[in-house]
A.B. asks: 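Supplied in structure tokens, the structure appears directly below.
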Amino acid sequence: DYVPVNHVYYPLLKDTNNREDVMRKVELRLNEEDKFRTIKKLVETNGNKEAAAIRLGCSRRHINRMIRGYREQGKAFFLHGNRNRTPANKVDQSTREDVANLYVTKYEESNFTHFTELLAEKEEIGLSCSTVRTILMEKGLLSPMATKKTKRNLKKILEARLELTSSSKEQAQLKNQIVELELAHPRRARKAHFGELIQMDASTTCWFGGQKSYLHLAVDDCTGAIVGAWFDAQETLNGYYHVLRQILSDYGIPYRFLTDRRTVFEYVRKESSRLENDTFTQFGYACKQLGIDIRTTSTPQTKGRVERMFRTLKSRLLTELRLEGATTTEQANEFLNHYVKKFNDRFALTIDYTTSVFESSPSAEKVNLILAVLTRRTIDSGHCLRFQNRFYQPVDAAGIPVHYRRGTSCMVIQALDGSLYTAIGEQVYALDWVPEHTTGSREFGVQAPPVQTRKRYVPPMSHPWKAKTFEDHVKAQHHYQEKVLPPFEEVIYSQEIFY
């Protein structure tokens, strides 16, 4: 059944259509070719079987078996039995198409590992990560976590396809798929202690609801754990205040923050004269009261830990938020509460609390007051102050209004939970809103609900927002040094006090 032609054996096959014998060339792999040549020489020269067994790494009995097979079938005997057979565990074509379609239509932002997990969890398709990667790479789909080498190889493949195709539509698709190489980030060693360095930043994308929002994030450099996360419509002081509150309540006071040079953390000049808009001074003073050092950088690679964390979250959190059905900021922030814990359990290093440099956190009331926005105001002729287009009246702890003469300077404290207080001289008072219209009228028989005097919480003067301390902090900022600030007691109610 085998015909030798130029020392190459061709097995005779029956053609079922023409009923004629046809020949097929036998091609061996390197290891199979080595066995064939060794046995062929052994048979032709009647050589030493023991030496052949040592060369091929098998027993003498197997040498005899191969000699018998060579004499009966020739070169074709050394073909592996599974050659040209479909593997039993091969993924069928329909499943491969389903996997590719699901990734494009439903899980596009996921990396391949996360996509494999979602297939098993939500689609009941159990495949290995390597199989999923092979299927997607054959379709020209690249993981968000792909390395530079993978991108380079894929780019070469796409460019080769682009040269061979003549269809304008396919050319346009291939051009869109070509991925440009990215520069590698420099590496440095992690910090030795938990809480020694916290990297903070914010990233914008359509995280949920179809509109862009900002994810404020804090990542520990030692363990890679997310220690604070908060969604907001913009990158604001309020977002970083909530991240800092999470750090203080869950872990304590860290040693240092590393951030970019956003106006929340640092700037050279501030054109606005409104002190409540001076986010750098507000956040910097809060960190000063807590004893946290702030370092800023204009190079993203310096805080690569949080930058790479955003890259990971964009390939995972986007899909999780969509599957969760989160469409509002409140729903997204609520989802973050349990998602961050699950994420840290899987990806963060084990936290060594024995070497942690976190200090004990202040009480919740003090944290609420430290993470506040401070604004200068003056008392008007109606014994009230104006804040955010509303009038407020100072009240003491018993709920009784207090009165100060017109022009008295004061400091409005807007706490993190929205509560309003004012510091006048050496006293701190709560603020009650004075509506522009009453809710009742005696002339027309509609009585307003009685005002009940109740005890109000008023923080003691020992709280961190002291006028003199804050004035010294403001004057020390480099973007205020060329401006002459009037004493706090002589500030009048004007928006042009810095000009």
Side-chain angles (χ1 to χ4, degrees), residues 236-238 241 245 272-290 362-436 451-475 477 480 485-498:
T236 60
L237 175 66
N238 179 68
Y241 265 173
R245 180 190 60 79
S272 176
S273 62
R274 298 171 65 89
L275 190 59
E276 59 268 32
N277 294 337
D278 188 357
T279 54
F280 166 57
T281 301
Q282 304 283 355
F283 190 86
Y285 187 61
C287 290
K288 179 183 177 181
Q289 295 297 323
L290 294 168
S363 64
E365 294 179 353
K366 189 172 184 179
V367 169
N368 184 49
L369 291 171
I370 291 177
L371 306 183
V373 178
L374 190 66
T375 311
R376 297 186 182 97
R377 289 293 184 266
T378 55
I379 302 296
D380 62 9
S381 58
H383 307 290
C384 297
L385 60 90
R386 189 180 182 90
F387 181 71
Q388 295 180 347
N389 294 326
R390 285 186 172 188
F391 289 99
Y392 293 91
Q393 187 173 41
V395 296
D396 59 16
I400 301 175
V402 294
H403 304 88
Y404 283 87
R405 62 179 178 84
R406 176 184 178 183
T408 302
S409 62
C410 61
M411 180 184 297
V412 176
I413 307 164
Q414 185 178 15
L416 184 61
D417 63 356
S419 303
L420 294 176
Y421 306 95
T422 182
I424 306 177
E426 296 296 326
Q427 298 294 326
V428 181
Y429 303 100
L431 289 177
D432 275 349
W433 173 48
V434 180
E436 295 184 2
V451 178
Q452 297 181 356
T453 303
R454 58 184 178 85
K455 190 173 181 179
R456 300 287 298 276
Y457 169 75
V458 177
M461 197 56 199
S462 59
H463 74 90
W465 297 120
K466 295 183 180 179
K468 183 64 171 62
T469 307
F470 185 71
E471 284 291 336
D472 294 341
H473 176 73
V474 172
K475 293 179 180 179
Q477 308 309 314
Y480 281 129
L485 289 177
F488 180 76
E489 293 78 6
E490 299 177 6
V491 173
I492 62 174
Y493 182 57
S494 173
Q495 299 299 329
E496 300 179 354
I497 59 175
F498 292 143

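One-based numbering along the sequence shown.
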A.B. asks: Would you check if the side chain of T378 reaches a backbone N or O of S409 as a donor-acceptor pair within less than 3.5 Å?
C.D. replies: no
A.B. asks: Can you see which heavy atom on Y241 is nearest to which on I370, and at what distance?
C.D. replies: OH-O, 4.3 Å
A.B. asks: Got R386 and D380 here, is their nearest side-chain heavy-atom distance under 4.5 Å?
C.D. replies: no
A.B. asks: With sequence neighbours excluded, what pairs up with S381 under the side-chain contact (heavy atoms from CB on, under 4.5 Å) test?
C.D. replies: R406
A.B. asks: Kindly give the heavy-atom pair with the smallest separation between A415 and A372, and that separation in Å.
C.D. replies: CA-CB, 3.8 Å
A.B. asks: Can you see which heavy atom on T422 is nearest to which on P394, and at what distance?
C.D. replies: CG2-CB, 4.1 Å
A.B. asks: Side chains of L374 and I413: does their closest heavy-atom pair fall under 4.5 Å?
C.D. replies: yes
A.B. asks: Given the rule in the side chain to side chain contact (heavy atoms under 4.5 Å, CB included) test, do R377 and Y392 qualify, once you have shown the distances and angles that lead to the verdict?
C.D. replies: CA-CA 11 Å; R377 289 293 184 266; Y392 293 91; over 6 Å; no
A.B. asks: Any side-chain heavy atom of C410 sitting closer than 4.5 Å to one from I379?
C.D. replies: yes
A.B. asks: As a quick check of understanding, evaluate side chain to side chain donor-acceptor pair (under 3.5 Å) for D417 and S419, giving each step before the final call.
C.D. replies: CA-CA 6 Å; D417 63 356; S419 303; 3.0 Å; yes
A.B. asks: If we only count heavy atoms from C-beta on, is the V402 to I424 side-chain gap below 4.5 Å?
C.D. replies: no
A.B. asks: What's the spacing between N238 CG and Q282 CD if we round to 0.5 Å?
C.D. replies: 12.5 Å
A.B. asks: Do Q414 and T375 make a side-chain contact, defined as non-hydrogen atoms from C-beta onward lying under 4.5 Å apart?
C.D. replies: no
A.B. asks: List the residues meeting side-chain contact (heavy atoms from CB on, under 4.5 Å) with V434, not counting sequence neighbours, and say none if there are none.
C.D. replies: C384, F391, Q393
